[in-house]
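Below, read A as the first sequence line, B as the second, and so on, with proteins coming before strands; counting in each chain starts at 1.
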2 protein chains.
Amino acid sequence: MSRWEPDARGRLLQAAVELFAERGYDATTAAQIAERAGLTKTTLFRHFADKREILFQGQEELVTRVVDAVNEAPTEDAPFDILRRAVIALCDVHVEERRDIRKELVTILPSSAELQERAVFKRFAVTNSLHGALAVRLGDARQAGVFADVGMRAYYDGYAAWVESNENGSLAKIVDAELDAFESALSGAGSILSST
Amino acid sequence: MSRWEPDARGRLLQAAVELFAERGYDATTAAQIAERAGLTKTTLFRHFADKREILFQGQEELVTRVVDAVNEAPTEDAPFDILRRAVIALCDVHVEERRDIRKELVTILPSSAELQERAVFKRFAVTNSLHGALAVRLGDARQAGVFADVGMRAYYDGYAAWVESNENGSLAKIVDAELDAFESALSGAGSILSST
DNA sequence: GTCTATACAATGATAGAC
DNA sequence: GTCTATCATTGTATAGAC
């Protein structure tokens, strides 16, 4: 019952995705996004720290998910099983996500260096959180580092395959298979190290 | 000879590092940097694509170095030995680098989100190039991915330790030891995977 | 508590003169 | 190569409207 239309953030996101798809990220100004959402530039920046953040909203949840999953993993879990839980926990986020926007994102992202930088930085943040949690749990920072990298690689590779495959089937299944493949690669790694 | 003082880029870098150290990255404007270097803002942006790039100039060299090292590795090299060559090849870049600037960089970087994003993006670019070259050489994209991540982790961890240790000894030595540690972690990885 | 109006500082692009 | 000048855009700050 307020005087304002509700869901300002949602409207801004919708407007942004539309305009980015129409004329590209760089060619779209913050003012144009706000206008299409029936708001002003000032209000846009009250909701989002910057223009990039419109598309990466809610990534902080990935950090808490991955850390919680590691911390709550059963004591009897083997290291790679802990990693598996953590990475699979990330997949659930995308269930609620709007499919149309996800589809657009994949085409918008490569068009702007600014956006790619932000995307990479978010990935880095999640990787670091996973690394930290695993280091505590496993007691070995280097092993935790390798596992964190492998897990995130499985996640992002799986995500890319999922989006490209027209989204039949669940993301979690694809990522799980990806983890299997990396697990074999790791277990075979001992035999392909230095000859010395 | 010309009317202008030579080495505009060097003077701009010098001025930028000084000012960033004095008053922080965000509080320093492009105009101030240019002024201290005896130039104008326009000229600054003719030499550097943006303000961040002043500090990350020459990182493209890392990409060519790492790729060349992989491609030129002897046929008889084991996979991890190829990786070792590639990562060690990165270390030589920092020999020529000016020590005072390197020292300052470590304090400036954490003070600005903008700078960290760029730094992470550069690391990502090098990692991807290494990944690509290793994938071709090893014929297994996933194995190459794990190796690329491990190698870059060894490099950046080693670099951090090197800078912190007041720079006695060579970077290559520290990174090499780091690689040894990761190699053991990898060779032991087979035994710590899923219990299933 | 959310939105608007206005003014402002800084980045980065562009065009033309030396 | 550099300079002056001008410009659009991002993002902030302030003060006020509903």
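- Nearest-nucleotide mapping onto DNA chain D: of Ala49(A) and Thr40(B), the residue sitting toward the 5' end is Thr40(B).
- Among the nucleotides dC3(C), dG11(D), dT6(C), the one closest to any side-chain atom of Arg52(A) is dG11(D).
- In this structure, Thr42(A) reaches the bases: a heavy-atom distance under 4.0 Å links it to at least one base atom across the strands shown.
- Note: Tyr25(B) and Phe20(B) have tilted aromatic rings, judged against thresholds of 30 and 60 degrees for the angle between ring planes.
- Nucleotide dT10(D) holds its P atom 14 Å from the CZ atom of Arg118(A), rounded to whole Å.
- With dG11(D), dC3(C), dT6(C) as the choices, the nucleotide that has an atom nearest any side-chain atom of Trp4(A) turns out to be dC3(C).
- Applying the 4.0 Å criterion to OP1 and OP2 of dT4(C), one finds that Thr43(A) has a side-chain N or O inside that range.
- In the set dG11(D), dT2(D), dT4(C), the nucleotide with an atom closest to the side chain of Ala8(B) is dT2(D).
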*Step by step, would you call Arg123(A) with Val120(A) a side-chain contact (heavy atoms from CB on, under 4.5 Å)?*
CA-CA 5 Å; Arg123(A) 171 172 174 166; Val120(A) 168; 5.6 Å; no
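- Taking atom CZ of residue Phe48(B) and atom C1' of nucleotide dA13(C), one finds them 18 Å apart after rounding to whole Å.
- Among dT2(D), dA13(D), dT11(C), the nucleotide with an atom closest to any side-chain atom of Arg46(B) is dT2(D).
- Taking only side-chain atoms of Lys41(A), from C-beta outward, the nucleotide of dT12(D), dA10(C), dT2(C) with the closest atom is dT12(D).
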*What do the steps show when you test Val146(A) against Asp149(A) for side-chain contact (heavy atoms from CB on, under 4.5 Å), and what is the final call?*
CA-CA 5 Å; Val146(A) 176; Asp149(A) 287 337; 5.9 Å; no
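- Rounded to an integer number of Å, the gap from Gln32(A) CD to dG11(D) C1' is 16 Å.
- In terms of phosphate contacts, His47(A) brings a side-chain nitrogen or oxygen within less than 4.0 Å of OP1 or OP2 of dC3(C).
- Phe80(A) and Phe147(A) have perpendicular rings, their planes meeting at more than 60° on a 0 to 90° scale where under 30° would count as parallel.
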